[in-house]
Q: 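Once you've had a glance at the structure underneath, I'll fire off some questions.
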Amino acid sequence: TIWLLATAIMGAESDRETVYSYLSKSVSDDGAEVPLHLRSHPVLKLALGDMVGFVGSDFSLLELEDGGEGDDDSLWLVHQLASRLAGGVKAGAVSQLDMDCFESPSHEICCPSPEARPPRLPTQFLTETFDAMTKLVIFFDNLGFFELSLNAISVAKNLCPGTGLEFREAFMTRTVDSSFESMLANRELLLEKLDSFDTEVPPIDDLMKAVDMEWSSTPPTMMLGYQFIDDHIPLRKIADIYRKLYPELSVSHVTEEDVERLRNSEVIFVTFLSSYFYNHSVGRLLFSPISSLSSSPKIHVTCLSLGEPPVDTLSSSYKTTCNDYHVIPITTPPLMQSSIAALPTPHILIYSEIGLSLPTYYLSFSRLSPVQMLFWGHPICQWTGSIDYYVNSYLYDNYKIWDAQVIEFNGLTTSFVRPVREVEGLYEGFGGKRIYLCSQTLMKFNPVFDYVVRGILDKDREGIIVITYNSSQRRYKDILEGRLDEDRVVFIESLEKEEFFGLIERSDVGLDTFPFGGGVTMLE
């Protein structure tokens, strides 16, 4: 991916087929065939920083394959972004003002309106560079290039501060580490960033207008719980930062009249709040309990969707299953609070998750119901201060620290229908080896789980461990391969549904990761 970014800047042709062909022919051991005439361009060095340093230094970062189709092809996306920067250089559109804004920016000149969306900088080259960098912040982080994501933030902040990237820079942490020691070191670095975060002046007036929100609504803190290293410490610090900077988040909308009305009601009013009322893992977890509760004559279930969900079979089923269904527009946190408070106050408000979606996270600071509960769609306490109860089960591990009372049910608190096979047949491959299948996302492979992988292979000389991954996780796969360093660990790119069912049937043992395990994947 980094190599494609660099070659695009150096003038590779813009159609997809030519770019892949060009790369196939140009990458050599010593880089002799690669035209590097633009690597030293002063503006590119300033605009791209450490990214330029990757040119010719590590070709193994890119696994060349046939180009994918559409906007989900990550290599093609980087090429397009980089080409926009390259276009400014090749057309001679780089001015002295561009140079000045990179070297010693005067923000009154270089970014006069940081609150505009998108921010309009004084030249096209600067505007394109800022826009590309904000995209690359999310893109590199999702692919596992943590340092490059921080570098993109630094470039964008240098050009135009006060756009909300300050939060992502301070709160984000590496997703997959090369070792347990590295994970501990990065946790210490995160705590240092949080302790030094300036809480005197808000980096941005409207939290929902942070520029990275256009490309991802996932909080940069989502992965903290996967590491399982006293995650309550940084998450509590982050919640305290938001409370101090934005006191309007922690507002109660419950009145004495609401409490009296609910006390006299014969029907229990329950509201579920979620960004995932569709074919998402959280949506699949929630559907059976909502379906069961809404069929009771003593319970009235309202579903509040934060934003209009994608149209699929499950989203349509939610709209007919919930007794009431409303879409809450994604706006500022106070306006979203007001939209919810304008509806009848329920006895109980249940969050499907807190920590996967920023709108949900911001709302969880407020009091919108006398009783507020958290379902285990993302079972990590965020310390926002308004959750009274956490829905759990005796069947699940409950050794995390919570700021709410944990309710342990006897059952799973959800249910799944056994999938119907459309095509019978086992997955072909691996000979007569014993297969231990672990199909969790690579982000959940904590370094402590490596000891289990090695222990299984040491005790079962005929066994192999099969790990599935999707194409956007190649960097994570490289890190895991380096950590495990085992010939009998096999990585398989994501399979189509029927082929995956065949792999499950062919497997002898299903492995779940720990300390952060699977939910929907294991249940299905």
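Keep in mind it's a predicted model, so treat the numbers as computed, not measured.
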Q: Salt bridge or not between E308 and K319? Use side-chain N to carboxylate O under 4.0 Å.
A: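 Looking at E308 and K319, the cut-off is met.
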
Q: Hey, is the main chain of S317 close enough, under 3.5 Å, to the side chain of T320 for a donor-acceptor pair?
A: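 Yes, because the side chain of T320 sits within donor-acceptor range (under 3.5 Å) of the backbone of S317.
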
Q: Begin with the C-alpha distance, continue with both residues' side-chain angles, and end with the deciding distance and a verdict on side-chain hydrogen bond (donor to acceptor under 3.5 Å, both in side chains) for D312 and S315.
A: CA-CA 5 Å; D312 57 35; S315 65; 3.3 Å; yes

Q: Does a side-chain heavy-atom distance below 4.5 Å link L306 with L363?
A: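 L306 vs L363: side chains touch.
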
Q: Give me the ring orientation class for Y278 and H280: parallel if the planes are under 30° apart, tilted from 30 to 60°, perpendicular past 60°.
A: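 Aromatic pair Y278/H280 classed perpendicular.
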
Q: State, with a plain yes or no, whether a side-chain heavy atom of Y361 is found less than 4.5 Å away from one of T221.
A: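 Side-chain contact under 4.5 Å: no.
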
Q: I'd like to know whether Q382 forms a side-chain hydrogen bond (donor to acceptor under 3.5 Å, both in side chains) with S364, so could you lay out the CA-CA distance, the side-chain angles of the two residues, the decisive distance to 0.1 Å, and finally the verdict.
A: CA-CA 9 Å; Q382 302 292 327; S364 70; over 6 Å; no

Q: What heavy-atom pair brings L190 and A170 nearest, and what distance separates the two atoms?
A: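 Smallest heavy-atom distance, with atoms named: CD1-O, 3.3 Å.
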
Q: Does the side chain of T413 come within less than 4.5 Å of W376's, by heavy atoms?
A: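 In short, these two side chains touch, coming nearer than 4.5 Å.
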
Q: Working to the nearest 0.5 angstrom, can you tell me the gap between L358 CG and I354 CD1?
A: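 It comes to 12.5 Å.
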
Q: Evaluate side-chain contact (heavy atoms from CB on, under 4.5 Å) for I464 paired with V489, printing each intermediate quantity in order.
A: CA-CA 6 Å; I464 62 172; V489 175; over 6 Å; no

Q: Verify whether the ring centers belonging to Y469 and Y476 lie closer than 6.0 Å.
A: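 No, too far apart.
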
Q: Looking only at heavy atoms, which two atoms of G463 and L457 are closest? And how far apart?
A: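 G463 and L457 have their closest heavy atoms at O-CD2, 3.6 Å.
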
Q: If I take atom CG from residue L184 and atom CG from residue L189, how far apart are they, to the nearest 0.5 angstrom?
A: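 Output value for this atom pair is 12.5 Å.
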
Q: Between the main-chain N or O of V176 and the side-chain N or O of Y226, is there a donor-acceptor pair closer than 3.5 Å?
A: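 No, Y226 side chain to V176 backbone: no donor-acceptor pair under 3.5 Å.
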
Q: With a 3.5 Å distance limit and no angle check, can you tell me whether Y318 reaches the backbone of F287 through a side-chain donor-acceptor pair?
A: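 Flag set: sc Y318 to bb F287 pair under 3.5 Å.
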
Q: Nearest 0.5 angstrom please: S275 OG to I330 CD1, how far?
A: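 Going from the OG atom of S275 to the CD1 atom of I330 covers 5.5 Å.
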
Q: Are any of the side-chain nitrogens in E147 or R174 under 4.0 Å away from the carboxylate oxygens of its partner?
A: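 Judged by the 4.0 Å cut-off on N to carboxylate O distance, E147 and R174 do form a salt bridge.
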
Q: Checking D177 against S182: is there a side-chain donor and acceptor pair closer than 3.5 Å?
A: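 Side chains of S182 and D177: pair found under 3.5 Å.
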
Q: Would you compute the distance between atom CZ of F228 and atom CE of M183 and round it to the nearest 0.5 angstrom?
A: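 Answer for the CZ-CE pair, F228 versus M183, is 11.0 Å.
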
Q: Start with the C-alpha distance between F416 and L285, add both sets of side-chain angles, then the distance that settles side-chain contact (heavy atoms from CB on, under 4.5 Å), and finish with yes or no.
A: CA-CA 8 Å; F416 285 87; L285 281 175; 4.0 Å; yes

Q: With salt bridge (Lys or Arg N to Asp or Glu O under 4.0 Å) as the test, would you mind laying out the steps for K135 and D131 before giving the verdict?
A: CA-CA 7 Å; K135 292 184 177 75; D131 182 56; 2.4 Å; yes

Q: Closest approach of S281 and V520, non-hydrogen atoms and distance?
A: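 Minimum heavy-atom separation between S281 and V520: O-CG2, 3.2 Å.
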
Q: If you apply the rule side-chain contact (heavy atoms from CB on, under 4.5 Å), what do you find for R475 with F145, and how did you get there?
A: CA-CA 7 Å; R475 178 59 174 162; F145 294 101; 3.6 Å; yes

Q: Check whether any side-chain heavy atom of D460 sits under 4.5 Å from a side-chain heavy atom of Y436, and report yes or no.
A: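 Result yes, sub-4.5 Å side-chain heavy-atom pair found.
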
Q: Hey, does the side chain of T468 reach the backbone of S494 with a donor-acceptor pair shorter than 3.5 angstrom?
A: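 Not a single qualifying donor-acceptor pair exists.
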
Q: List the atom of R168, the atom of D141, and the distance in Å for their closest heavy-atom pair.
A: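 What the structure gives for the nearest pair is NH1-OD2, 4.1 Å.
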
Q: Any side-chain heavy atom of F375 sitting closer than 4.5 Å to one from F272?
A: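 No, too far: nothing below the 4.5 Å cut-off.
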
Q: Has S507 got a side-chain atom pairing as donor or acceptor with L503's backbone, closer than 3.5 angstrom?
A: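 Flag set: sc S507 to bb L503 pair under 3.5 Å.
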
Q: For L194 and K237, which heavy atoms make the closest approach, and how far apart are they?
A: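 L194 and K237 have their closest heavy atoms at CD1-CB, 4.0 Å.
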
Q: Using a 4.5 Å cut-off on heavy atoms from C-beta on, say whether the side chain of L273 contacts that of S352.
A: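 When only atoms from C-beta onward are counted, L273 and S352 do not touch, as no gap falls below 4.5 Å.
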
Q: Please report the shortest heavy-atom distance between N470 and E493, naming the atom on each side.
A: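 Minimum heavy-atom separation between N470 and E493: C-CG, 4.5 Å.
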
Q: Whether the side chain of T513 engages the backbone of F516 through a donor-acceptor N/O pair (distance < 3.5 Å, no angle test) should be reported.
A: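 Such a contact is found between T513 side chain and F516 backbone.
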
Q: Look up atom CG in L304 and atom CD1 in I350, then write down how far apart they are to the nearest 0.5 Å.
A: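 Between atom CG of L304 and atom CD1 of I350 there are 11.5 Å.
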
Q: Short question: side chain of N446, backbone of Q227 - any donor-acceptor pair under 3.5 Å?
A: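 Answer holds: yes.
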
Q: Answer with yes or no after comparing the ring centroid distance for Y362 and Y242 against a 6.0 Å cut-off, counting only values under it.
A: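 Between Y242 and Y362, which both carry aromatic rings, the centre distance is below 6.0 Å.
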
Q: Examine F449 together with F180 and report whether their ring centres are nearer than 6.0 Å.
A: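 No, the ring centres sit 6.0 Å or more apart.
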
Q: Go through the side-chain N and O atoms of S274 and E353 and say whether any donor and acceptor fall under 3.5 Å apart.
A: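 Per modelled atom types, S274 and E353 side chains form no pair under 3.5 Å.
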
Q: Would you indicate whether the side-chain heavy atoms of V509 and R434 approach each other to under 4.5 Å?
A: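 Counting from C-beta outward, R434 and V509 never come under 4.5 Å.
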
Q: Using 0.5 Å steps for rounding, measure from the OG1 atom of T134 to the NZ atom of K157.
A: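 NZ of K157 is found 14.5 Å from OG1 of T134.
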
Q: Evaluate N151 against M133 for side-chain contact (heavy atoms from CB on, under 4.5 Å), listing each step before the verdict.
A: CA-CA 9 Å; N151 181 80; M133 288 301 119; 5.6 Å; no

Q: Under 3.5 Å, side chain of N392 to main-chain N/O of E408, donor-acceptor pair present?
A: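 Absent.
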
Q: Do S393 side-chain atoms and G411 backbone N/O form a donor-acceptor pair below 3.5 Å?
A: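 Between the backbone of G411 and the side chain of S393 there is a qualifying donor-acceptor contact (under 3.5 Å).
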
Q: Look at atom NZ of K209 and say whether more than 12 heavy atoms of other residues, nucleotides or ligands are closer to it than 6.0 Å.
A: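 12 or below, so no.
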
Q: Taking the side chain as everything from C-beta on, heavy atoms only, tell me whether F167 gets closer than 4.5 Å to I204.
A: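 The answer is yes; the side chains approach within 4.5 Å.
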
